[in-house]
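Structure record follows, encoded as structure tokens.
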Amino acid sequence: MANIELKELTKRSEDYSQWYQDLVVKADLAENSAVRGCMVIKPYGYAIWEKIQAQLDRMFKETGHVNAYFPLFIPKSFLSKEAEHVEGFAKECAVVTHHRLMKDPNGTGVVVDPSAKLEEELIVRPTSETIIWNTYRNWIRSYRDLPLLINQWANVVRWEMRTRLFLRTAEFLWQEGHTAHATKEEAEEEATRMLNVYAEFAEKYMAMPVVKGVKSANERFAGALDTYTIEALMQDGKALQSGTSHFLGQNFAKAFDVMFADKTGKMEYVWATSWGVSTRLMGALIMSHSDDNGLVLPPQLAPIQVVIVPIYKNEDQLAQISAKIDPIIDELKALGISVKYDNSDNKKPGWKFAEYELKGVPVRLAMGARDLENGTVEVVRRDTLTKETRSTENICQFIQELLNDIQENIYKKAVDYRTAHTVTVDTYDEFKEKIEEGGFILAHWDGTTETELKIKEDTKATIRCIPFDGDKTPGKCMVTGKPSAQRVLMARAY
RNA sequence: CGGGGUGUAGCGCAGCCCGGUUAGCGCAUCUGCUUUGGGAGCAGAGGGUCGAAGGUUCGAAUCCUUUCACCCCGACCA
């Protein structure tokens with residue numbers, strides 16, 4: 001009964017934010033680093049990110065995209081070429097001003113060598129539109145060069161005031177797609193297509209339901225004509241913007257002078273999109289499914305899908321168990337299931353059970369003396385924590401089905417949660433009351449930034465998106481009474 | 001940048017108010033034995049510039065001054 005420390009996960013009901021922090025650290029996903037606001041992603045956390053990456057990368061390639069890599073540094077002058085863009089990012093840029101250090105003449109440390117000042121400062125990219133569009137100018141001449149469908153996996157830096165592991169860090173990993181098109185329609189289609197890719201990924205792989213929609217002008221990406229978003233609801237009732245896809249119009253083409261000759265030989269500005277998801281998805285994944293015992297991972301993204309724990313009294317017994325387990329491991333692997341056989345002898349079974357629950361491993365098998373006698377194995381599923389003892393016969397097929405079942409079940413649970421926490425309101429008083437309970441609220445809005453800001457000021461809630469699907473019945477704005485085309489999705493957000 | 005808090009062993013903390021032998025405790029680590037079906041037990045061992053700098057004092061983790069860092073809550077954001 002000792003070792004309370006590891007078990008001590010703050011309960012979600014006590015302090016949700018603390019629960020999240022505890023979980024990220026104790027499940028060994030990430031930790032704070034020596035650099036303020038920057039995290040170290042630990043191997044187990046990175047393994048999940050790699051699975052996210054691998055699947056998204058596959059989906060990007062299936063939709064015709066290729067990967068490339070652009071520089072970390074951007075000349076300062078580039079950033080100012082698109083007026084709205086610079087305004088959106090200027091306040092959070094890390095700037096490189098020098099390129100050399102020297103011994104401190106007055107001490108033992110090192111100082112910046114003043115003679116090594118850069119002619120033009122470099123910005124550490126907060127996003128890559130500018131450097132990429134500057135490059136595209138040289139790549140695009142004719143309509144035959146289009147469309148250009150490029151993605152890059154990279155790190156970016158945004159100097160945030162306050163950070164939280166995965167949800168908001170000063171440096172984060174992401175992918176950013178940057179595409180160039182001959183027509184407005186094609187670019188808009190692309191932006192929509194990629195939003196759909198994100199939504200499909202969120203729902204099928206992360207088991208996280210999302211609402212697709214368009215951002216209000218106020219919440220739009222700096223430099224975009226339209227920002228499409230997927231919005232998810234976390235277990236504490238707050239919304240999390242999980243991915244965005246932007247229709248950039250010709251803004252960046254004009255800023256960087258990127259033109260092409262169309263079929264008639266006429267010179268036209270190129271149409272653009274950009275789209276991205278980040279390590280923030282890790283935060284979304286954690287907060288969507290996990291419980292007071294730790295992480296709950298969807299089988300599709302779990303680095304370890306099945307863990308096997310032997311329970312033995314001596315070496316001889318372990319050998320007997322291993323002899324039973326080995327063929328099961330081989331068969332599971334042949335089915336494409338990732339298995340870990342934890343026969344380490346420095347931890348007791350009970351410790352291992354708790355540990356793998358904390359880490360969210362979807363299925364756990366345990367085999368001991370009793371099972372050897374009966375030809376059985378204990379199967380425990382992480383999502384419900386239910387146990388059953390089964391014959392080892394056809395066990396692998398059972399596990400395969402069980403993994404699918406878990407994937408479906410946690411998705412269904414998340415959908416049910418969201419359904420239960422989505423309400424429709426018609427008056428502002430009702431809105432103010434409901435927003436305190438958390439969750440999504442569908443309400444009518446007059447479409448003005450003024451009203452949106454008032455709502456934010458009064459309630460801290462923002463318009464998450466104007467949903468694509470669902471009820472399109474017009475009505476009256478809950479604040480001003482002016483006409484509204486459809487209900488919009490509102491919530492307090494991360 | 002405002003408000004609050006914390007810096008003592010790898011991690012988590014006590015000691016500080018009221019200065020006084022060798023700075024403690026839990027976890028982790030190492031060794032040995034016993035254990036192993038829900039976070040094992042016993043015995044032993046190693047591990048510290050008490051965030052930093054200055055000051056007061058015979059004597060400072062403790063009091064004073066300065067400073068740095070980090071965390072939490074706000075304003076800003078994926």
Side-chain angles (χ1 to χ4, degrees), chain A residues 1-9 15 17-18 20-22 25-26 31-38 87-93 126-127 156-176 198 215 218-222 227 229-232 239-246 274-284 293-294 309-315 317-318 321 342-358 364-374 376-378 380 385 387 389 456-457 460 462 464 493-494:
Chain A
M1 291 309 282
N3 196 357
I4 309 159
E5 188 206 349
L6 266 176
K7 188 74 181 175
E8 212 174 67
L9 237 195
D15 184 343
S17 170
Q18 190 61 47
Y20 176 82
Q21 298 253 133
D22 281 3
V25 171
K26 287 180 176 163
E31 62 188 32
N32 280 308
S33 72
V35 184
R36 179 200 146 78
C38 295
E87 202 184 316
F89 289 103
K91 284 173 285 183
E92 49 189 37
C93 285
T127 179
V156 288
V157 168
R158 296 181 190 175
W159 211 267
E160 299 291 350
M161 299 301 224
R162 235 187 98 215
T163 59
R164 299 184 66 190
L165 293 169
F166 289 120
L167 295 174
R168 180 171 301 110
T169 46
E171 180 195 12
F172 56 93
L173 306 184
W174 76 345
Q175 58 69 218
E176 45 181 329
Y198 288 155
K215 285 286 187 187
N218 184 53
E219 297 275 328
R220 198 179 281 154
F221 176 76
T227 289
T229 178
I230 50 171
E231 296 286 327
L240 185 74
Q241 176 175 312
S242 304
T244 48
S245 180
H246 315 292
S274 70
W275 29 274
V277 295
S278 70
T279 36
R280 177 178 252 200
L281 286 181
M282 294 283 296
N293 293 310
V309 178
I311 299 158
Y312 56 95
K313 298 201 192 311
N314 52 51
E315 286 297 315
Q317 213 170 57
L318 175 61
I321 293 167
D342 187 351
N343 58 359
S344 59
D345 64 356
N346 57 340
K347 302 286 186 218
K348 290 184 59 175
W351 192 93
K352 292 176 185 174
F353 294 166
E355 178 68 9
Y356 292 109
E357 269 162 28
L358 182 60
R364 182 179 77 232
L365 303 182
M367 187 182 279
R370 245 167 26 211
D371 299 296
L372 278 179
E373 256 177 55
N374 305 329
T376 56
V377 64
E378 184 186 71
V380 184
L385 289 175
K387 296 180 185 183
T389 299
K456 189 176 176 183
E457 173 78 27
K460 292 182 189 163
T462 50
R464 302 319 303 156
Y494 273 97

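None of the values given here were measured: they were computed from a predicted structure. Order of the sequence lines sets the chain letters (A, B, ...), proteins ahead of strands, with each chain counted from 1.
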Please report, rounded to the nearest Å, how far the [atom2] atom of [N] is from the [atom1] atom of [X].
| X | N | atom1 | atom2 | result |
| --- | --- | --- | --- | --- |
| N293(A) | rG39(B) | CG | C1' | 12 Å |
| K26(A) | rG39(B) | NZ | P | 18 Å |
| E315(A) | rU34(B) | CD | P | 13 Å |
| D22(A) | rC11(B) | CG | P | 16 Å |
| N346(A) | rA28(B) | CG | P | 11 Å |
| R168(A) | rA75(B) | CZ | C1' | 12 Å |
| L240(A) | rC77(B) | CG | P | 16 Å |
| K215(A) | rC77(B) | NZ | P | 12 Å |

Nearest-Å distance once atom [atom1] is located in both [N] and [M]:
| N | M | atom1 | result |
| --- | --- | --- | --- |
| rA52(B) | rG2(B) | C1' | 26 Å |
| rA53(B) | rU31(B) | P | 37 Å |
| rA14(B) | rU8(B) | C1' | 10 Å |
| rC11(B) | rC70(B) | C1' | 16 Å |
| rU56(B) | rA9(B) | P | 28 Å |
| rC17(B) | rG51(B) | P | 15 Å |
| rC68(B) | rG46(B) | P | 39 Å |
| rG38(B) | rA23(B) | C1' | 38 Å |

With [X] via side chain to side chain donor-acceptor pair (under 3.5 Å) - residues at least two apart:
| X | result |
| --- | --- |
| S242(A) | none |
| K352(A) | none |
| T462(A) | R464(A) |
| N32(A) | none |

Contact list (N/O, under 3.5 angstrom) for nucleotides 43-47 of chain B vs protein:
none

Among residues at least two apart in sequence or on other chains, which ones pass side-chain contact (heavy atoms from CB on, under 4.5 Å) with [X]?
| X | answer |
| --- | --- |
| Q175(A) | F60(A), N151(A), W153(A), Y198(A), W275(A), V277(A) |
| N314(A) | D316(A), Q317(A) |
| A366(A) | I311(A), F353(A), E378(A) |
| S278(A) | F172(A), W174(A), R280(A) |

Classify [X] by what it touches in the nucleic acid, base, sugar-phosphate, or nothing, heavy-atom distance under 4.0 Å.
| X | value |
| --- | --- |
| K387(A) | base |
| F221(A) | nothing |
| Q241(A) | sugar-phosphate |

Under 3.5 Å between N/O atoms: give me all the protein pairs with nucleotides 69-72 of chain B, atom names plus distance.
unit_1: rC72(B); atom_1: OP1; unit_2: Q21(A); atom_2: OE1; d: 3.2
unit_1: rC72(B); atom_1: OP1; unit_2: Q21(A); atom_2: NE2; d: 3.4

> Just wondering, do P310(A) and N343(A) contact through their side chains at under 4.5 Å, heavy atoms?
Replying inline: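 Touching, per the 4.5 Å side-chain cut-off.
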> Taking the side chain as C-beta and beyond, is there a heavy-atom pair between L281(A) and F166(A) under 4.5 Å?
Replying inline: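 No, side chains not in contact.
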> Atom OG of S33(A) and atom CD of E171(A): how far apart are they, to the nearest 0.5 Å?
Replying inline: 8.5 Å
> What's the spacing between N293(A) CG and E357(A) CD if we round to 0.5 Å?
Replying inline: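 One gets 5.5 Å once the value is rounded to the nearest 0.5 Å.
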> Given that K352(A) and K460(A) both sit by RNA chain B, which one's nearest nucleotide is further toward the 5' end?
Replying inline: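 The answer here is K352(A).
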> Can you list the stems that RNA chain B is part of, where a stem is at least 3 pairs in a row, each Watson-Crick or G-U, with both distances below 3.5 Å?
Replying inline: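 Stems found: B:1-7 with B:68-74, B:10-13 with B:24-27, B:29-34 with B:40-45, B:51-55 with B:63-67.
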> Cation-pi between K348(A) and W351(A): NZ/CZ under 6.0 Å from ring centre and within 45° of the ring axis?
Replying inline: no
> Can you tell me if CD on E87(A) sees more than 12 non-hydrogen neighbours from other groups inside 6.0 Å?
Replying inline: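 Open.
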> For L165(A), does its backbone N or O pair with a side-chain atom of Y20(A) as donor and acceptor, under 3.5 Å?
Replying inline: yes
Enumerate all atom pairs, one protein N or O and one N or O from nucleotides 35-37 of chain B, separated by less than 3.5 Å.
unit_1: rU36(B); atom_1: O2'; unit_2: Y312(A); atom_2: O; d: 3.4
unit_1: rG37(B); atom_1: OP1; unit_2: K348(A); atom_2: NZ; d: 3.3
unit_1: rG37(B); atom_1: O6; unit_2: G368(A); atom_2: N; d: 3.4
unit_1: rG37(B); atom_1: O6; unit_2: G368(A); atom_2: O; d: 3.2
unit_1: rG37(B); atom_1: O6; unit_2: A369(A); atom_2: N; d: 3.1
unit_1: rG37(B); atom_1: O6; unit_2: R370(A); atom_2: N; d: 2.7
unit_1: rG37(B); atom_1: O6; unit_2: D371(A); atom_2: N; d: 3.1
unit_1: rG37(B); atom_1: O6; unit_2: D371(A); atom_2: OD2; d: 3.2
unit_1: rG37(B); atom_1: N1; unit_2: D371(A); atom_2: OD2; d: 2.5
unit_1: rG37(B); atom_1: N2; unit_2: D371(A); atom_2: OD2; d: 3.4

